[in-house]
**Q** 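First, the structure itself, so that you have it in front of you.
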Amino acid sequence: MCRFVIYKGTQPVQLCHLLTRPAHSIIRQAFDPRLRLDHRRPINGDGFGVGWYDSVYDPELGIQPCIFTSVTPAWNNDNLTRLAEKIKSPLVFGHVRAYTSGSLSLDNCHPFAFGKLMFMHNGEVAGFDKFKRKLQISLTDEIFSVVKGNTDSEWSFALFLSKLPGIHATHFTSEVLRNAMRETIASLNKFARDADICEPSLLNFVVSDGESVVATRYISSKVHEAASLWYSSGTSFDEYAEGGHYRMSKSDKRENIIMVASEPLTFEKADWMEIKTNTMVVITPKMNILQIPIIDEFHVPPSDPASQTRGTGFAAEKGF
């Protein structure tokens with residue numbers, strides 16, 4: 001069980017408003033998740049990571065995101081608390097980890113980055129060890145060398161990079177990122193099918209180039225729900241009462257802020273909308289949010305009554 005949060009806004013946000021201050025912040029979710037409880041690992045104490053892009057481009061600093069990771073529990077890291085009070089960014093990734101693949105090490109902490117791209121995963125690639133070598137063989141030497149850790153998540157990121165028309169580009173359209181994500185999921189499904197893996201994979205991925213964001217809520221099954229994923233949008237995100245009580249306000253039709261999270265950061269039910277299973281969410285540079293069904297062998301059309309009867313037991317058992 002992991003948890004992540006993504007923020008994209010027209011104005012930079014102070015990281016503490018996402019990571020530390022809200023009553024159900026991503027750090028709070030690390031030890032007090034509300035939606036699902038993983039009885040194997042009831043807390044997300046196997047490290048954390050936060051990544052962000054600069055508010056203003058500086059050629060001396062470059063285009064790559066800045067990433068801070070640690071193998072200590074997020075709620076017990078004073079450096080994270082101090083940094084969160086002093087850093088602002090218009091695009092932020094936050095992740096807390098309970099590992100299901102790979103070891104406890106800095107190299108295995110999300111988010112992962114290459115060039116301008118940043119990537120996170122909540123879920124599990126089923127049977128990964130049975131086809132890991134075939135996945136690796138499919139990569140170029142350059143992309144193979146990108147991977148520093150040993151998780152299914154980082155190898156999925158490498159696979160994603162292999163689907164891009166050029167990994168060294170300084171700009172990726174949302175369509176390019178969307179197509180690469182769709183092809184990544186299709187390839188993972190094929191690897192699993194060829195290895196006779198029957199257990200579904202939980203593939204909640206998110207990637208950004210600092211301008212667009214593409215996220216998925218996905219499971220390779222027609223009968224199970226995927227791991228939880230929600231989004232919220234509005235014009236401001238503020239603390240309205242002491243004790244970390246935040247809410248998303250919407251004063252007009254503009255979307256100044258869009259957040260995507262494994263669990264809502266607030267207890268205001270009207271703030272958050274659940275993303276449907278096997279759906280891709282795209283946040284464009286102009287702050288439009290698109291929800292696009294992932295149409296493959298596991299797609300169930302909304303008109304099919306089966307789409308309303310997916311079971312939550314599998315993801316819940318896994319703690320996602």
**Q** Kindly say whether Trp272 contributes a backbone atom to a donor-acceptor pair with the side chain of Ser232 at under 3.5 angstrom?
**A** no
**Q** In Å, rounded to the nearest 0.5 Å, how long is the span from CD1 of Ile294 to CD1 of Ile185?
**A** 4.0 Å
**Q** Could you list the donor-acceptor pairs under 3.5 angstrom formed between side-chain atoms of residues 7-14 and any protein atom two or more places apart in sequence or on another chain?
**A**
unit_1, atom_1, unit_2, atom_2, d
Tyr7, OH, Gln11, O, 3.1
Lys8, NZ, Glu211, O, 3.0
Gln14, NE2, Glu85, O, 2.8

**Q** Nearest 0.5 angstrom please: Glu124 CD to Thr151 OG1, how far?
**A** 11.5 Å
**Q** Does any pair with a residue in residues 167-188 pass salt bridge (charged side-chain N to carboxylate O under 4.0 Å, His left out), and if so which ones, sequence neighbours excluded?
**A** none
**Q** Are Cys109 and Val71 close enough, and set up right, to give a side-chain contact (heavy atoms from CB on, under 4.5 Å), and what steps lead you there?
**A** CA-CA 7 Å; Cys109 290; Val71 294; 4.3 Å; yes
**Q** Examine distances only and state if a side-chain atom of His110 and a backbone atom of His121 form a donor-acceptor pair shorter than 3.5 Å.
**A** yes
**Q** Just by modelled atom types, is the Asn150 backbone N or O under 3.5 Å from a matching donor or acceptor in the Asp107 side chain?
**A** no
**Q** Should the pair Glu263-Arg3 be classified as a salt bridge under the 4.0 Å nitrogen-to-oxygen rule?
**A** yes
**Q** Under 3.5 Å, side chain of Thr235 to main-chain N/O of Asn256, donor-acceptor pair present?
**A** no
**Q** Give a yes or no answer on whether the side chain of Thr309 reaches the backbone of Ala306 with a donor-acceptor pair at less than 3.5 Å.
**A** yes
**Q** Return each pair, listed once, that meets salt bridge (charged side-chain N to carboxylate O under 4.0 Å, His left out) where at least one residue sits in residues 279-291; pairs must be two or more places apart or across chains.
**A** none
**Q** Could you check, using the six-membered ring where one of them is a Trp, whether Tyr246 and Phe237 have ring centers closer than 6.0 angstrom?
**A** yes
**Q** Can you tell me how far CE of Met181 sits from OG of Ser156, rounded to the nearest 0.5 angstrom?
**A** 9.5 Å
**Q** Applying side-chain contact (heavy atoms from CB on, under 4.5 Å) to Ser208 and Ile6, what does each step give before you reach the verdict?
**A** CA-CA 10 Å; Ser208 179; Ile6 306 101; over 6 Å; no
**Q** Looking at Tyr53, is its backbone amide N or carbonyl O close enough to the side chain of Ser89 to form a donor-acceptor pair, meaning the two atoms are under 3.5 Å apart?
**A** yes
**Q** Using the rule side-chain hydrogen bond (donor to acceptor under 3.5 Å, both in side chains), only one of His245, Glu268, Arg247 pairs with Tyr240; which is it?
**A** Glu268
**Q** CD/Gln136 to CD1/Ile143 distance, rounded to the nearest 0.5 angstrom?
**A** 13.0 Å
**Q** Take atom NZ in Lys276; do more than 12 heavy atoms of anything else shown fall under 6.0 Å from it?
**A** no
**Q** Does Ser220 use its side chain to pair, donor to acceptor, with the backbone of Pro200 at less than 3.5 Å?
**A** no
**Q** Using 0.5 Å steps for rounding, measure from the CD atom of Gln64 to the CG atom of Leu117.
**A** 11.5 Å
**Q** Between Trp155 and Phe144, is the gap from one ring center to the other below 6.0 Å?
**A** yes
**Q** Among Phe4, Phe112, Phe93, Phe205, exactly one meets ring pair (Phe, Tyr, Trp, His ring centres under 6.0 Å) together with Phe119. Which residue is that?
**A** Phe205
**Q** Which atoms form the tightest heavy-atom contact between Val147 and Ala158, and what is the distance?
**A** CG2-CB, 3.7 Å
**Q** List the steps and the verdict of side-chain contact (heavy atoms from CB on, under 4.5 Å) for Glu142 and His168.
**A** CA-CA 11 Å; Glu142 181 180 19; His168 296 289; 2.5 Å; yes
**Q** Look at atom NZ of Lys132 and say whether more than 12 heavy atoms of other residues, nucleotides or ligands are closer to it than 6.0 Å.
**A** yes
**Q** Verify the distance criterion only: is there a donor paired with an acceptor across the side chains of Thr81 and Thr20 at less than 3.5 Å?
**A** no
**Q** Could you pull out the closest heavy-atom pair between Asn204 and Ala226, with the gap in Å?
**A** OD1-CB, 4.4 Å
**Q** Quick one: which of Leu188, Leu202, Asn278 gives a side-chain contact (heavy atoms from CB on, under 4.5 Å) with Tyr218?
**A** Asn278
**Q** Is it true that Arg217 and Glu225 have a side-chain N and a carboxylate O under 4.0 angstrom from each other?
**A** yes
**Q** Determine the minimum heavy-atom distance between Ser262 and Asn122, stating which atoms define it.
**A** OG-ND2, 3.6 Å
**Q** Side-chain donor-acceptor pair under 3.5 Å between Gln291 and Thr279, yes or no?
**A** no
**Q** What verdict does the side-chain contact (heavy atoms from CB on, under 4.5 Å) test give for Ile167 and Phe114, after you've listed the backbone C-alpha separation in whole Å, the side-chain angles of each residue and the deciding distance to 0.1 Å?
**A** CA-CA 8 Å; Ile167 62 173; Phe114 179 82; 3.7 Å; yes
